[in-house]
Amino acid sequence: MAHALDELIADGVAGRRVLVRSDLNVPLDGSTVTDDGRVRASLPVLKKLADAGARVIVMAHLGRPKGQPDPKYSIAPAAEKLAELADFPVRIATDVVGEDARAKAAALADGEVLVIENVRFDARETSKDDAERGAFADELAALTGDDGAYVDDAFGAVHRKHASVFDIAQRLPAYLGDLVKRELDVLTKVVSDPERPFVVVMGGSKVSDKLAVIENLIGKADSLLIGGGMVFTFLAAQGHPVGGSLLEKDQIETVKDYLEKAPAAGTKIILPVDIVYAAKFAADADHEVRPVDAIESGRIGASGLGLDIGPESAKLFADKIKGARTVFWNGPAGVFEMEAFAGGTRAVAEAIVASDAMSVIGGGDSASAVRNLGFSDDQFGHISTGGGASLEFIEGKELPGVVALGV
Ligand SMILES: Nc1ncnc2c1ncn2[C@@H]1O[C@H](COP(=O)(O)OP(=O)(O)OP(=O)(O)O)[C@@H](O)[C@H]1O
Ligand SMILES: O=C(O)[C@H](O)COP(=O)(O)O
């Protein structure tokens with residue numbers, strides 16, 4: 001059984017150094033944080049510990065640096081955002097487990113928080129070698145002194161077998177952070193006992209990553225609405241032309257198999273009936289709406305790209321969402337970053353907001369999409385902080401961070 005954070009607080013943390021794994025992996029434009037959702041989601045646990053008098057050391061990653069310091073991936077912009085939003089003192093170290101981190105960890109006062117540099121600046125963090133990761137975890141644990149503790153509050157990273165997620169939990173008394181607990185509770189309910197009709201909306205561009213999720217949802221979801229870049233592999237499986245759209249040719253047979261077995265398992269796979277078709281991948285591209293069986297017949301011709309679901313499809317999707325009691329949404333319906341191709345994603349978000357369904361948005365880009373389109377977090381039931389993590393959970397995979405805590 002995992003130990004909850006409140007047990008640690010009840011045991012007394014005043015004056016103790018507590019290592020917290022947070023997910024501060026935010027999108028950046030230069031050094032500006034363009035979506036602070038993950039920083040905000042990390043605050044409550046840090047505040048709880050700081051209020052209880054703990055000396056908190058936050059470890060987190062940003063992007064995928066190649067195992068050595070790289071200013072482009074410094075945690076500093078995310079840590080500065082944390083300092084701006086927090087009502088407790090936040091210090092920032094310039095290294096991970098080096099002199100600066102060690103000195104600042106030792107100098108922490110009760111109720112203060114220190115963010116160490118991007119843990120992925122040390123190649124041992126992500127090493128496949130248990131001994132290497134273990135040696136790094138030893139150095140991280142040593143930052144806490146003699147009576148330290150570890151709290152995992154980084155749901156977005158629970159699917160990674162990394163030193164700061166997995167190995168550290170074997171070196172310090174380990175506790176489940178409130179954010180990870182909430183995410184697991186919500187996703188467990190969605191997968192194992194959803195109120196029906198249960199409608200899943202899938203989209204985005206990482207088609208092959210998401211096919212396993214679709215397979216696992218056949219028989220569980222009542223309707224599976226497919227949008228985004230993955231649509232074209234489904235349309236191709238049905239024999240429709242797809243022009244120059246995103247297509248995973250080697251997945252067509254797999255998708256045919258899903259289309260065949262879904263009805264018998266009680267899941268309706270619903271595909272778009274029209275597509276916004278563009279002359280090129282650009283915000284100002286010439287574009288037109290075409291039915292899926294005639295994509296190549298219009299003005300734009302066979303070399304065009306499908307960049308969004310069309311208005312008829314948006315209506316069809318909205319209608320399904322309207323009748324749902326539970327909605328899980330992963331991946332935008334189109335290239336929402338360009339206004340001309342944001343209509344499908346906006347329509348899905350509006351339909352979810354208007355419905356009475358319990359809604360869960362899983363996926364970093366889906367969360368950024370709804371925020372960038374002007375929606376606020378409280379219009380949805382739950383916005384997951386984990387993209388890959390929520391998908392792997394729904395796929396039914398074992399999550400190393402969760403295993404390490406004995407959940
Ligand atoms: N038809 C399309 N063609 C090409 N790209 C598309 C299409 N539809 C959506 N996309 C792109 O998909 C991207 C998001 O896909 P992704 O699979 O990463 O979503 P996600 O699961 O929400 O994100 P994450 O993996 O970060 O959690 C967006 O940048 C969007 O522009
Ligand atoms: O962005 C995410 O999904 C998490 O922070 C994990 O990042 P990773 O995919 O680089 O491990």
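Predicted model, so just to flag it, every value in this text is computed and none were measured. Each ligand, and each atom within it, is numbered from 1 in the order the structure gives. Computation of the quantities below employed the complete heavy-atom set of this structure, encompassing side-chain atoms and omitting hydrogens, waters and symmetry-equivalent molecules.
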Query raised in the report: Would you say the side-chain atoms of Ser366 and Asn330 include a donor-acceptor pair closer than 3.5 Å?
Result: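 No, no side-chain donor-acceptor contact under 3.5 Å.
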
Query raised in the report: Mind checking whether Tyr258 and Phe234 have parallel, tilted or perpendicular rings, split at 30° and 60°?
Result: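 Judged by the thresholds at 30° and 60°, the geometry between Tyr258 and Phe234 is tilted.
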
Query raised in the report: Between Phe341 and His287, how do the two ring planes meet: parallel, tilted or perpendicular, split at 30° and 60°?
Result: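 Geometry flag for His287 against Phe341: perpendicular rings.
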
I need the atoms of ligand 1 closer than 4.0 Å to a non-hydrogen atom of [X], numbered in the order shown.
X      : result
Gly387 : 27 (O)
Gly229 : 1 (N), 2 (C), 7 (C), 8 (N)
Lys210 : 16 (P), 17 (O), 19 (O), 20 (P), 21 (O)
Phe232 : 1 (N)
Asn330 : 21 (O)

Query raised in the report: Backbone or side chain, does any N or O of His159 fall under 3.5 Å from an N or O of ligand 2?
Result: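 No, no N or O pair falls under 3.5 Å.
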
Report task. Select one of side chain, backbone, both or neither to describe which atoms of Arg120 lie under 4.0 Å from any atom of ligand 2, heavy atoms only. Result ->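 The part of Arg120 near ligand 2 is the side chain, not the backbone.
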
**Report entry** Ile361 side chain reached by Val370 side chain, heavy atoms, under 4.5 Å
**Finding:**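 Counting from C-beta outward, Val370 and Ile361 do come under 4.5 Å.
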
Requested in this report: Give a yes or no on whether the backbone of Gly386 and the side-chain of Ser390 come within a donor-acceptor separation of less than 3.5 Å.
Outcome: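 Yes, the answer is positive, given that a donor and an acceptor are paired below the 3.5 Å cut-off.
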
Query raised in the report: Any non-hydrogen atom of Met338 lying under 4.0 Å from ligand 1?
Result: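 No, Met338 has no heavy atom closer than 4.0 Å to ligand 1.
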
**Report entry** Close approach of Phe341 to ligand 1, heavy atoms, under 4.0 angstrom
**Finding:**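 Outside the 4.0 Å threshold, so no.
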
Query raised in the report: Under 4.0 angstrom from ligand 2, any heavy atom of His162?
Result: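 No; His162 lies far enough from ligand 2 that no heavy-atom distance drops under 4.0 Å.
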
Query raised in the report: To which protein heavy atom is atom 11 (O) of ligand 2 closest, and what is the distance rounded to 0.1 Å?
Result: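 Its nearest protein heavy-atom neighbour is Arg160 NE, 2.6 Å.
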
Requested in this report: Enumerate the atoms of ligand 2 whose separation from the nearest heavy atom of Asn25 is less than 4.0 angstrom.
Outcome: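 Listed by number with element: 1 (O), 2 (C), 4 (C), 5 (O), 7 (O).
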
